[in-house]
Amino acid sequence: MLDIKQIRENPQVVQELLNRRGNYDIQPVLQLDREQRKLEGMRSQLQAKSNEIGRLVGQKIKALGNPQAPEIEALRQEGNAIKVQLSELEPQEKDLRTQIEALLLSLPNLPSDSTPVGRNEDDNVEVRRWGEEYIPSNPNLLPHWELGESLGILNFERSAKVAQSRFVTLMGVGAALERALIQFMLDRQVAAGYVEVIPPFLINTQSLTATGQLPKFAEESFKCDQDDLWLTPTAEVPLVNLYRDEILAAEDLPIYHCAYTPCFRREAGSYGRDTRGLIRLHQFNKVELVKLVHPTTSESEHQKLVQDAEAILQALQLPYRVVELCSGDLGFSAAKTYDLEVWLPSSGKYREISSCSNCQDFQARRGGIRFKEAGKKGTQLVHTLNGSGLAVGRTMAAILENYQQSDGKTVRIPAALQPYLQREFL
RNA sequence: GGAGAGGUGGCAGAGUGGUUGAAUGCGGCAGACUCGAAAUCUGUUUUAGGGCAACCUAACGGGGGUUCGAAUCCCCCCCUCUCCGCCA
């Protein structure tokens, strides 16, 4: 959520930054804000008067000893008159507040100053590449879904029977590989100082609103209608919301968390795309990194977070590149985002395998996540950051394709993973 | 699922209609005493909105209601705890 004060005080700056993202207009919210403040002034004056009368009545009853005295009745009358006026103003103001809140919740974060300006993914900026020497030279590699099915470790047909299309079942050593990847990723990040968490996988509406999935993207999430609970679309949501409505001590920061969770997404509006394989499923596994940090450190923490995600790809010797998203391609809550894209031979290009974002105070404001510095008055909002470290299914796809042997039947297991699987080949 | 108890400030814990934004204790902070510390004493210590400001307003799980006036009374919802049932 954007700061209404910031919008009020620097409307042109905010509008210009929103224009870098797309079509957004702050005038409606500004207008409502003016009306609301006017009403608030009137209302609080009336309430002050009403409080005064209440006090007087109490005093008079004590002094006169007669609750029915005419003097007191007169005050009651006056109090009732004010109540009538208030009963008119209060709903109006409340309605305005609700509208303002709704508008604010639907505005995306402002891109950071350093975010490249652009319209869509074509304007994203490649930052660096790593491991080009690991790109397979053999042009006749099987796509991972064909290889996986022939190896008997991926099964899409039976998954559709159990659930639907866009689900996978991992069998045998495929399941073991997925588990090994999760363990490997977590071990690495725990060693780097992240505290491992296993959060709830069902998430309430308030939590999804805080991190920005709601209200705009309800159609992307699976909902359990009877319970105000949604299947988590990413561990970012539960991890950040662990601290919702808290005032932390400055010494508590930074907080580093990593978590493995399954992730559930409806993938509405992507019907034609990536219909085969592990790239786009309704359910996938992911290890997520989340940081809550002091605002002055969030930029450097963001860089470090990206490196922590990159470390996994490097350890697995998978070729990748780092791309900075342009303003038009930024996610709703992000001020600045780096995507990691792994080389996928079946696509003949780099494909997203991690997205690392600095949300600055956007989620913290929605979720009321603040901290207090000893000796300083007031509270400040933390900055939240998140990144995949990594999407496990896509990592499996990248391994199956990039580590495929020329016989078209076997896959070498990355050296870093071999201790976890106790074998060299699939 | 059934029965009961309860949700108050950083924590503990008073408060059942009228200077209670909230006693008291602990913790925190500042000061005094001390060479320094402990102990002791004194003061201080919630958050948010509005206003140039003085200041005003709101909040005792959430939402409604009664009343001149609600932490206190009434209704609905949520959560926690205990016992029973069920279950991994």
Side-chain angles (χ1 to χ4, degrees), chain A residues 1-9 29-105 198 200-210 224-230 238 241-253 255 361 364-382:
Chain A
M1 189 157 60
L2 301 182
D3 184 0
I4 184 66
K5 274 191 204 146
Q6 190 193 5
I7 298 177
R8 193 187 296 151
E9 284 160 19
V29 79
L30 275 175
Q31 176 60 33
L32 293 173
D33 177 55
R34 277 189 292 269
E35 292 173 32
Q36 186 274 125
R37 275 185 299 154
K38 200 174 127 200
L39 278 184
E40 176 168 354
M42 294 161 68
R43 192 214 67 214
S44 94
Q45 270 187 22
L46 275 177
Q47 275 175 330
K49 191 112 176 271
S50 166
N51 289 344
E52 175 60 24
I53 290 171
R55 250 189 305 271
L56 274 176
V57 171
Q59 286 170 10
K60 299 260 179 198
I61 289 176
K62 213 178 261 177
L64 302 176
N66 173 16
Q68 313 304 336
E71 202 179 335
I72 292 170
E73 279 305 326
L75 283 171
R76 286 209 179 95
Q77 294 288 324
E78 202 180 337
N80 272 323
I82 289 174
K83 210 155 56 158
V84 170
Q85 295 182 61
L86 275 175
S87 69
E88 210 144 303
L89 284 184
E90 272 175 344
Q92 282 180 40
E93 196 201 343
K94 198 174 170 190
D95 180 53
L96 282 173
R97 282 184 189 276
T98 308
Q99 288 185 53
I100 289 167
E101 176 86 355
L103 286 179
L104 285 177
L105 284 174
I198 300 182
F201 299 164
L202 298 185
I203 311 286
N204 61 35
T205 296
Q206 206 183 344
S207 294
L208 282 152
T209 304
C224 311
D225 266 324
Q226 301 184 355
D227 299 288
D228 183 36
L229 288 170
W230 310 66
N241 276 285
L242 248 19
Y243 300 96
R244 200 181 63 237
D245 296 324
E246 289 196 27
I247 300 174
L248 305 162
E251 307 86 74
D252 296 337
L253 303 176
I255 293 172
D361 62 12
R365 183 172 295 108
R366 289 171 156 247
I369 309 177
R370 295 165 292 171
F371 70 97
K372 196 177 172 75
E373 257 162 326
K376 274 199 189 176
K377 56 172 169 32
T379 59
Q380 300 174 68
L381 295 165
V382 303

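Labels below follow one simple rule: chain letters A, B, ... track the order of the sequence lines, proteins then strands, and each chain is numbered from 1. We use all heavy atoms of the structure for the numbers below, so side chains are in, but hydrogens, waters and symmetry mates are not.
Only the P atoms considered, B:G25 is 35 Å distant from B:C83, to the nearest whole Å. Nucleotides B:U46 and B:C41 have their C1' atoms positioned 26 Å apart, rounded to a whole Å. When the P atom is compared between B:G43 and B:A53, the two are found 31 Å apart, to the nearest whole Å. If you take atom C1' in B:G15 and the same atom in B:U20, they sit 9 Å apart, rounded to whole Å. Taking atom P in both B:U45 and B:G69, one finds a spacing of 30 Å when rounded to whole Å. B:G17 and B:C73 are spaced 8 Å apart, taking the C1' atom of each and rounding to whole Å. A distance of about 36 Å separates the C1' atoms of B:C74 and B:C86, rounded to the whole Å. Comparing B:G4 with B:A39, their C1' atoms are spaced 47 Å from each other, to the whole Å.
Salt bridge A:Arg97/A:Glu93: present, at least one basic N to carboxylate O contact under 4.0 Å. Using a 4.0 Å cut-off between a side-chain N of Lys or Arg and a carboxylate O of Asp or Glu, A:Arg55 and A:Glu52 qualify as a salt bridge.
Although no hydrogens or angles enter the test, the distance criterion places a donor-acceptor pair under 3.5 Å between the side chain of A:Arg366 and the main chain of A:Thr209. Panel note: side chain A:Asp252, backbone A:Ala249; a donor-acceptor pair is recorded below 3.5 Å. A:Asn241 places a side-chain N or O within donor-acceptor distance of the main-chain N or O of A:Ser207, the cut-off being under 3.5 Å.
For A:Lys49, no side-chain nitrogen or oxygen approaches OP1 or OP2 of B:U57 to under 4.0 Å. Contact between the side-chain N/O atoms of A:Asn51 and the OP1/OP2 oxygens of B:A58 is found at a separation under 4.0 Å. Between A:Arg43 and B:C56 there is no side-chain N or O to OP1 or OP2 distance below 4.0 Å. The side chain of A:Thr379 contributes an N or O atom lying less than 4.0 Å from OP1 or OP2 of B:A48. Remark: A:Lys62 is not in phosphate contact with B:G18, judged by side-chain N or O atoms under 4.0 Å from OP1 or OP2. At the phosphate of B:G51, OP1 or OP2 sits under 4.0 Å from a side-chain N or O atom of A:Arg37. The shortest distance between the side-chain N/O atoms of A:Arg55 and the OP1/OP2 oxygens of B:U20 is not below 4.0 Å.
When the C1' atom of B:C68 is taken as reference, atom CD of A:Gln68 falls 12 Å away, rounded to whole Å. What separates CG of A:Leu56 from P of B:G18 is a distance of 17 Å, to the nearest Å. Atom NZ of A:Lys38 is separated from atom C1' of B:U57 by 19 Å (rounded to the nearest Å). Between the CD atom of A:Gln36 and the C1' atom of B:G51 there is a distance of 13 Å, given to the nearest Å. Distance NZ (A:Lys60) to C1' (B:G18): 15 Å, rounded to an integer number of Å. Separating the CG atom of A:Leu75 from the P atom of B:C68 is a distance of 12 Å, rounded to the nearest angstrom. The interatomic distance linking A:Ile72 (CD1) with B:U67 (P) rounds to 18 Å, in whole Å. At whole-Å resolution of the value, CG in A:Asn204 and P in B:C79 are 10 Å apart.
Where A:Ile4 and A:Ile247 each meet RNA chain B at their nearest nucleotide, the meeting point lying more 5' is that of A:Ile247. Where A:Ala48 and A:Lys94 each meet RNA chain B at their nearest nucleotide, the meeting point lying more 5' is that of A:Ala48.
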Would you be so kind as to tabulate the donor-acceptor pairs closer than 3.5 Å made by side chains of residues 67-74 of chain A, with sequence neighbours excluded?
residue, atom, partner, partner atom, Å
A:Glu71, OE2, A:Lys60, NZ, 2.6
A:Glu73, OE2, A:Arg76, NH1, 2.8

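Within the shown strands, B:G2 is the pairing partner of B:C83 under the Watson-Crick or G-U definition, both distances less than 3.5 Å. Pair check for B:G27 finds B:U45; Watson-Crick or G-U wobble, both atom distances under 3.5 Å. When both pairing distances are held under 3.5 Å, B:C60 makes no Watson-Crick or G-U pair with any nucleotide shown. The partner of B:U40 is B:A32, judged by Watson-Crick or G-U wobble contacts that both fall below 3.5 Å. Pair check for B:U67 finds none; no Watson-Crick or G-U wobble contact set falls under 3.5 Å.
Among B:A58, B:A48, B:C56, the nucleotide with an atom closest to any side-chain atom of A:Arg370 is B:A48. The nucleotide whose nearest atom lies closest to any side-chain atom of A:Glu40 is, among B:G49, B:C68, B:U47, B:G49. Out of B:C68, B:G49, B:U47, the shortest distance to the side chain of A:Lys372 is found at B:U47.
Between A:Met42 atom CE and A:Glu88 atom CD the span is 10.0 Å, to the nearest 0.5 Å.
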